[in-house]
Trainee: 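Sharing a structure below in structure tokens format, with a few things to ask.
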Amino acid sequence: MAAAALREQLNALLTSMFASGLVDEQFQQLQMLQDDGSTPGFVAEVVTLFCDDADRIISELAALLEQPVVDFDKVDAYVHQLKGSSASIGAQKVKFTCMQFRQLCQDKNRDGCIMALAVVRNEFYDLRNKFQTMLQLEQQIQAQQ
């Protein structure tokens with residue numbers, strides 16, 4: 001596929017990610033840091049680190065919520081960490097879901113936390129799939145230059 005068509009595909013993906021609220025202006029700021037040319041691969045590195053970290057945190061949360069006695073302070077700490085990294089990268093939907101999740105932790109609502117984890121997981125998986133597509137398109141564009 002020609003580089004111009006790939007760029008169009010990438011732009012359409014990014015537009016849909018913004019329009020659906022998946023990412024916010026913070027993600028745009030990250031892209032601008034890379035676009036100045038001094039830090040090629042910056043967004044790919046940040047996205048990869050975020051996805052790896054979020055995957056690990058979601059696994060930790062699942063394990064904590066399966067315990068017979070849930071340590072809500074630990075759960076809240078992990079959710080707070082995920083919320084922070086989501087905000088840093090501009091993962092708006094994940095961040096908002098984490099905010100609701102934290103309230104359920106503070107209420108010590110185990111069932112609510114389990115449901116919130118499912119929502120966070122789904123929002124994250126959706127975002128991760130879009131990020132993977134974005135990175136693949138960027139690699140294909142670079143390969144044609």
Side-chain angles (χ1 to χ4, degrees), residues 1-67 70-107 109 112-145:
M1 194 179 290
L6 289 169
R7 266 194 207 74
E8 268 184 48
Q9 207 175 341
L10 177 60
N11 288 336
L13 174 66
L14 292 170
T15 299
S16 77
M17 288 170 70
F18 282 103
S20 69
L22 210 51
V23 293
D24 61 19
E25 63 279 346
Q26 183 62 35
F27 185 71
Q28 205 166 24
Q29 294 291 324
L30 289 175
Q31 289 180 300
M32 285 194 270
L33 288 173
Q34 178 173 292
D35 289 345
D36 72 7
S38 63
T39 51
F42 175 72
V43 172
E45 186 177 335
V46 171
V47 163
T48 301
L49 289 171
F50 166 75
C51 289
D52 291 347
D53 195 41
D55 246 341
R56 180 189 55 78
I57 291 171
I58 288 170
S59 294
E60 291 287 343
L61 286 168
L64 285 169
L65 290 171
E66 288 173 2
Q67 297 299 313
V70 175
D71 183 342
F72 287 101
D73 291 335
K74 252 188 190 173
V75 172
D76 185 55
Y78 277 114
V79 175
H80 182 70
Q81 185 181 352
L82 182 57
K83 183 180 104 120
S85 58
S86 298
S88 295
I89 198 168
Q92 183 171 263
K93 281 188 176 182
V94 175
K95 177 184 77 176
F96 286 147
T97 306
C98 285
M99 291 165 68
Q100 295 164 341
F101 196 158
R102 288 199 71 203
Q103 183 58 54
L104 293 163
C105 288
Q106 290 160 6
D107 295 343
N109 181 341
C113 285
I114 291 169
M115 289 191 314
L117 176 60
V119 175
V120 165
R121 185 182 281 132
N122 287 338
E123 295 293 358
F124 168 66
Y125 287 167
D126 184 33
L127 178 64
R128 183 179 64 185
N129 289 339
K130 298 273 192 318
F131 277 158
Q132 288 171 340
T133 301
M134 177 193 80
L135 295 177
Q136 288 168 353
L137 286 168
E138 286 177 350
Q139 286 174 342
Q140 290 172 3
I141 291 166
Q142 285 177 346
Q144 294 200 359
Q145 291 178 347

Trainee: So which atom in Cys105 and which in Val75 form the shortest heavy-atom distance, rounded to 0.1 Å?
Mentor: SG-CG1, 3.4 Å

Trainee: Indicate the atoms forming the closest heavy-atom contact of Leu82 with Ala54, along with that distance.
Mentor: CD1-CB, 3.7 Å

Trainee: Do Val120 and Val79 have side chains that approach each other closer than 4.5 Å (heavy atoms only, starting at C-beta)?
Mentor: no

Trainee: Would you give the length of the straight line joining atom CG of Asn109 to atom CZ of Phe72, rounded to the nearest 0.5 angstrom?
Mentor: 7.0 Å

Trainee: Calculate, to the nearest 0.5 Å, the distance between atoms CG and CD1 belonging to Leu127 and Ile89 respectively.
Mentor: 7.0 Å

Trainee: Around Glu45, counting heavy atoms of other residues, nucleotides and ligands shown, do more than 12 lie under 6.0 Å from its CD?
Mentor: no

Trainee: Look at Arg128 together with Asp55 and state whether they make a salt bridge at an N to O cut-off of under 4.0 Å.
Mentor: yes

Trainee: Report yes if some heavy atom in the side chain of Phe131 is under 4.5 Å from a heavy atom in the side chain of Val23; otherwise report no.
Mentor: yes

Trainee: Are the side chain of Gln144 and the backbone N or O of Ala3 linked by a donor-acceptor pair below 3.5 Å?
Mentor: yes

Trainee: Please determine whether a side-chain nitrogen of the Lys or Arg among Arg56 and Asp52 lies less than 4.0 Å from a carboxylate oxygen of the Asp or Glu.
Mentor: no

Trainee: Which is it for Gln100 and Phe96 under the side chain to side chain contact (heavy atoms under 4.5 Å, CB included) test, yes or no, and what are the steps along the way?
Mentor: CA-CA 7 Å; Gln100 295 164 341; Phe96 286 147; 5.8 Å; no

Trainee: For the residue pair Tyr78 and Phe101, is the inter-centroid distance of their aromatic rings smaller than 6.0 Å?
Mentor: no

Trainee: Quick one: are Phe27 and Val43 in side-chain contact, heavy atoms under 4.5 Å?
Mentor: yes

Trainee: List the atom of Cys51, the atom of Phe124, and the distance in Å for their closest heavy-atom pair.
Mentor: O-CZ, 3.5 Å

Trainee: Just do the side chain to side chain contact (heavy atoms under 4.5 Å, CB included) check on Gln140 and Leu10 with the steps written out, would you?
Mentor: CA-CA 10 Å; Gln140 290 172 3; Leu10 177 60; over 6 Å; no

Trainee: So how far is it from Gln26 CD to Ser86 OG, rounded to the nearest 0.5 Å?
Mentor: 11.5 Å

Trainee: So which heavy atom on Gly112 is nearest to which on Leu104, and how close?
Mentor: O-CD1, 3.3 Å

Trainee: Are the side chains of Gln31 and Leu14 in touch, meaning some heavy atoms are under 4.5 Å apart?
Mentor: yes

Trainee: To the nearest 0.5 Å, tell me how far Ser88 OG sits from Gln29 CD.
Mentor: 12.5 Å

Trainee: Let me confirm one number: the CZ-CD distance from Phe18 to Glu25, rounded to the nearest 0.5 Å.
Mentor: 8.5 Å

Trainee: Taking Gly21's backbone N and O only, do any of them form a donor-acceptor pair with Gln92's side chain (distance below 3.5 Å, no angle check)?
Mentor: yes

Trainee: Specify the closest pair of heavy atoms between Val70 and Leu64, including all atoms of both residues, with the distance to one decimal.
Mentor: CG2-O, 4.0 Å

Trainee: Report yes if the side chains of Ile58 and Leu117 come closer than 4.5 Å at any heavy-atom pair, otherwise no.
Mentor: yes

Trainee: Any chance you could lay out the side chain to side chain contact (heavy atoms under 4.5 Å, CB included) test for Val47 and Met134, step after step, and finish with the verdict?
Mentor: CA-CA 10 Å; Val47 163; Met134 177 193 80; 4.2 Å; yes

Trainee: Distance check, rounded to the nearest 0.5 Å: Leu137 atom CG versus Arg7 atom CZ?
Mentor: 11.5 Å

Trainee: Quick check against the 3.5 Å criterion: does Asp126 have a side-chain atom that pairs as donor or acceptor with the backbone of Asn122?
Mentor: no

Trainee: Output every pair passing salt bridge (Lys or Arg N to Asp or Glu O under 4.0 Å) with a member in residues 73-89, not counting sequence neighbours, ordered by first then second residue.
Mentor: Asp76-Arg102

